[in-house]
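Below you will find the structure I want to go over with you.
Letters go in sequence order (proteins before strands), and every chain restarts at 1. Note that this is a predicted model, so its numbers are computed, not measured.
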Amino acid sequence: MATSMTIWEKLGFRKASRVGEAGWGHTLWAALVSFIYFLPVLIIVITSFKVQNEALSVPAKFFPTSFFGLIPEQYVFTPTLENFTSVFSRAFTTGGAVENTGFDRYFFNSMFIAGTSVLLALVIGTLAAYGFSRYPLKGNDTYLFIILTTRMLPAIVVIIPIILMFRIVGLSGSYPGIIFLYTAFNLPFTIWMMKSFFDELSLDVEDAARIDGSSELRVFFKVCLPQVVAGLAATFVFGLILTWNEFLFALLLTGSDTRTVPVAMNQAVAGGGIGVLWGLLAAIETLFLIPVFLVTFFLQNHLLRGVTFGTVKR
Amino acid sequence: MTTTAIQTPPTAFTTLALDNWKLAIAGGLGVSISACLAMPATSSFWVVAVMMALVAVTFVVNAFRRHYYGGLLVSPAIAVLFVMNIFPLLWSLGLSFFSYQSNQQAIRFVGLANYSKLLTDDLKAPELWANLTNTAMFTVLTVSVQMVIGFLLAVLFAKQFPLRRYLLILVLTPMMLSVVAVGVFFSYYYDPTFGVISQIIKAWTGEQFILFSSKAGAVAGIVFADAWMWSPFVMLLVLAGLVSVPTYLYEAAAIDRVGSWRRFWTITFPYIRGLLMLALLFRTIEAFKMADLIILLTKGGNDTMTISYHVIRIANEQNKTSEGAALSYLLLFVVIVLTNLYLYIANRRSQGN
């Protein structure tokens, strides 16, 4: 089957021929369900193209064009890119001068902080997971349970001492502080996930490499790591999604220079009700969604394979 | 498996060597405690930090000399977790025995008074109890909805079908949204005047629909938003289990004409049971901590206060740091008991089969 695949078949346009495969009828169902499920997100994206009074209009305007007169005029709004430009610079008071909102900075902060801390957690966590898997310590399971326990706590329990600690050390409002904290925040999940990956690997290959004279370092880098790439990708995506949107720590521990987008977003919506600039908020969220959406989309295959490989006993 | 090293004998307790971690702990503890008692908080903090670094160094040197590769590999992770999680935890445990407010300098040892006040005070105890029952209700509702929706979505996506990649990412998107945006935009959808839901119902009945006017409505609104956001997480885990079932099992079942119900319980379910349990565990822990959506949607009005939000309110808004710490330890106790109970049951189940 794989030998004679046309371009259409590669795109997924093929008949249901095997068990576990379904055709276009199933796609229709799935498309319907996905659309309904995606609808709240879609409304956010649509709202990002509306000006304020259109966002608050009754009846709600859903359609950017009237589709050649098919949709009644009252449900149609005129799309504008104004919100996207005013995310980065706008006049804060009516008639005032156009100012920089600092959101370019906040977007950079979010990417830098989330990216660095997830990668750092991945490096440290993978090493630890390899250690837990290959060189079990006395009371290995106890260590692992304690590591899981740190993830169970309400964030507010640890936040107060951390604020005090950061204030004393001078880390509050700096990049290293929040990156270090997020690394710790991601570690338990990384360790648990990567350990289950290393546990699944066959030891024979490693022993063969050792007998052939490979050093321990070489075994780790050349034999073990290449086999768990899917797991690394899956762990990276999960960690990124959680860190990207983390709010409470960021609210309490970032300063004006290191503020991340969720915190800035929260400040942008302060007021509630009609006071919220809906179009602006939607534009921020839409822009904020794009990076993590793309990463997830391109690592999607790894994600499914990764989770399976790691957690299902065979 | 590992290279067996020639065992270096452990260093005697009294010798002053860089791998004598027992002495380092003993000395470090002594110096730290006396520093805490004698010096102001800021400088004693640094003394404690230096002592902990010393203990860490002795551990690493000890592991290196005796070829404990396991210890060496896990030590960075343990160090980070210790500094950022375990140490602050112990600190707040200590804090819960004091009377301390973060906007005041005075600090006074009160023993178990914080705990007993929370549990026996005429005003606070009923409030705590009400918040606990609310939290339990939210947890049960949202987790069960998430499990059901996540499972159904996973079943829908388990087969290979055209355009699956592109539809799957649409369903996964809610999980990637910021909780601030979810909270604010759901309050936009629920709004009586310009919200979508109210407008649809208005077209039906001619009257505005105020969702948050009753407790049931408020709870339903919060649970709906939370379940919508996190069902994809359950779905992803279950889906991973479903696609891992080898197709030859289904082919064999098709040849034997096994009914679909039995096919599910005997072939599919064993593959997803572990993942279902994992999803249940993670989501229950998270749901128990739920606060941000409630802050954004109802601000605890209409009797929708949860215990986690209560802790935030006491510790952050009212600055009663030590009371908040005491309350969160009560909460932690409940979570650990429940988790252990859960793991115990899960283990017995898997051993029984």
Side-chain angles (χ1 to χ4, degrees), chain A residues 12-13 19-22 24 26-27 30-31 33-34 37-38 41 44 56 58-60 124-125 127-128 130-132 135-137 147 150 152-154 156-158 160-162 168 181 183-184 187 191 241 245 247 262 265-266 269 278 281 285 288-289 292-293 296-297 300 304 307-308 311-312, chain B residues 2 42 45 69-71 73-74 76-77 80-81 84-85 88-89 91-92 156 159-163 165 167 169-176 178-181 184-185 188 194 196 199 237 240-241 243-244 247 250-251 254 271 274-275 278 285 289 292 308 311-312 315 321 328 331-332 335 339:
Chain A
F13 292 78
V19 178
E21 280 193 24
W24 279 97
H26 199 82
T27 304
V33 172
S34 314
Y37 210 80
F38 188 68
V41 185
I44 296 179
L56 293 175
V58 180
I124 298 175
L127 284 179
Y130 188 71
F132 279 127
Y135 308 98
L137 303 163
I147 287 173
T150 59
M152 292 176 197
L153 307 169
I156 198 78
V157 188
V158 287
I160 298 156
I162 286 179
I168 293 173
L181 181 68
T183 307
L187 264 179
I191 292 174
I241 288 175
N245 293 315
F247 175 64
M265 202 186 326
N266 187 48
V269 301
W278 294 103
L281 178 70
E285 179 55 46
F288 193 54
L289 182 63
V292 73
F293 185 87
T296 314
F297 183 72
Q300 199 189 49
L304 271 187
V307 177
T308 318
T311 41
V312 176
Chain B
T2 56
T42 345
F45 177 85
Y69 290 119
L73 285 168
V74 302
V80 171
L81 281 175
M84 283 293 159
N85 274 322
L89 263 180
W91 189 336
S92 60
L156 184 68
K159 288 177 179 168
Q160 272 296 343
F161 57 85
L163 305 182
R165 254 173 90 80
L167 295 175
I169 192 83
L170 290 187
V171 178
L172 289 182
T173 318
M175 197 167 72
M176 300 172 217
S178 160
V179 70
V180 178
V184 174
F185 268 93
Y188 173 65
F194 48 82
V196 185
Q199 284 185 37
L237 288 182
V243 297
S244 74
T247 30
Y250 286 132
E251 279 156 9
Y271 274 87
L275 287 161
L278 197 71
I285 290 171
K289 301 195 289 189
D292 22 23
S308 189
V311 176
I312 293 179
T321 314
S328 47
L331 180 59
L332 177 62
V335 174
T339 314

Check: Which region of Leu181(A), side chain (C-beta onward) or backbone (N, CA, C, O), has a non-hydrogen atom less than 4.5 Å from a non-hydrogen atom of chain B, or is it both or neither?
Finding: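 Both parts, heavy atoms under 4.5 Å.
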Smallest heavy-atom separation, Ile241(A) atom then Met175(B) atom, equals CG2-O, 3.6 Å
Given Val311(B), Asp292(B), Val80(B), the one with more heavy-atom pairs under 4.5 angstrom with chain A than any other is Val80(B)
Fill in: side chain to side chain contact (heavy atoms under 4.5 Å, CB included) against Leu127(A), all qualifying residues, sequence neighbours excluded
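Listed in chain order: Phe220(A), Leu73(B).
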Check: Can you name the closest pair of heavy atoms from Ala128(A) and Ala77(B) and give their distance?
Finding: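 Looking at all heavy atoms of both residues, the shortest contact is CB-CB, 3.6 Å.
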- Message: Just verifying a value: how many Å separate Ile162(A) CD1 and Leu89(B) CG, rounded to the nearest 0.5 Å?
- Response: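 It is 8.5 Å, given to the nearest 0.5 Å.
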| said: Holding to side chain to side chain contact (heavy atoms under 4.5 Å, CB included), I want the full list of residues that pass it with Pro262(A), two or more places apart in sequence or in another chain. | reply: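 Listed in chain order: Ser110(A), Phe247(A), Thr260(A), Phe288(A), Ser178(B).
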Q. Roughly how far apart are Leu167(B) CG and Tyr37(A) OH, rounded to 0.5 Å?
A.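 Interatomic distance, Leu167(B) CG to Tyr37(A) OH, rounded to 0.5 Å: 14.5 Å.
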Separation between CE (Met84(B)) and CG (Leu187(A)), nearest 0.5 Å, reads 11.0 Å
Heavy-atom pairs under 4.5 Å with chain B: which of Ile191(A), Leu289(A), Asn245(A) has the most?
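Highest number of heavy-atom pairs under 4.5 Å: Asn245(A).
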Quiz item: So do Phe297(A) and Leu172(B) actually touch side chain to side chain, heavy atoms under 4.5 Å?
Solution: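 They are not in contact (no side-chain heavy atoms under 4.5 Å apart), so the answer is no.
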When the 4.5 angstrom heavy-atom criterion is applied to Val33(A) and chain B, the contacting part is side chain
- [ ] Specify the closest pair of heavy atoms between Gln300(A) and Arg165(B), including all atoms of both residues, with the distance to one decimal.
- [x]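 Here Gln300(A) and Arg165(B) meet closest at NE2-O, 3.2 Å.
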What I'd like to find out is whether the side chain of Tyr135(A) reaches to under 4.5 Å of the side chain of Val74(B), using heavy atoms alone.
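SC-SC contact between Tyr135(A) and Val74(B) ruled out.
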In Å and rounded to the nearest 0.5 Å, what is the CD1 to OG1 distance from Ile44(A) to Thr173(B)?
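Those atoms lie 10.5 Å apart.
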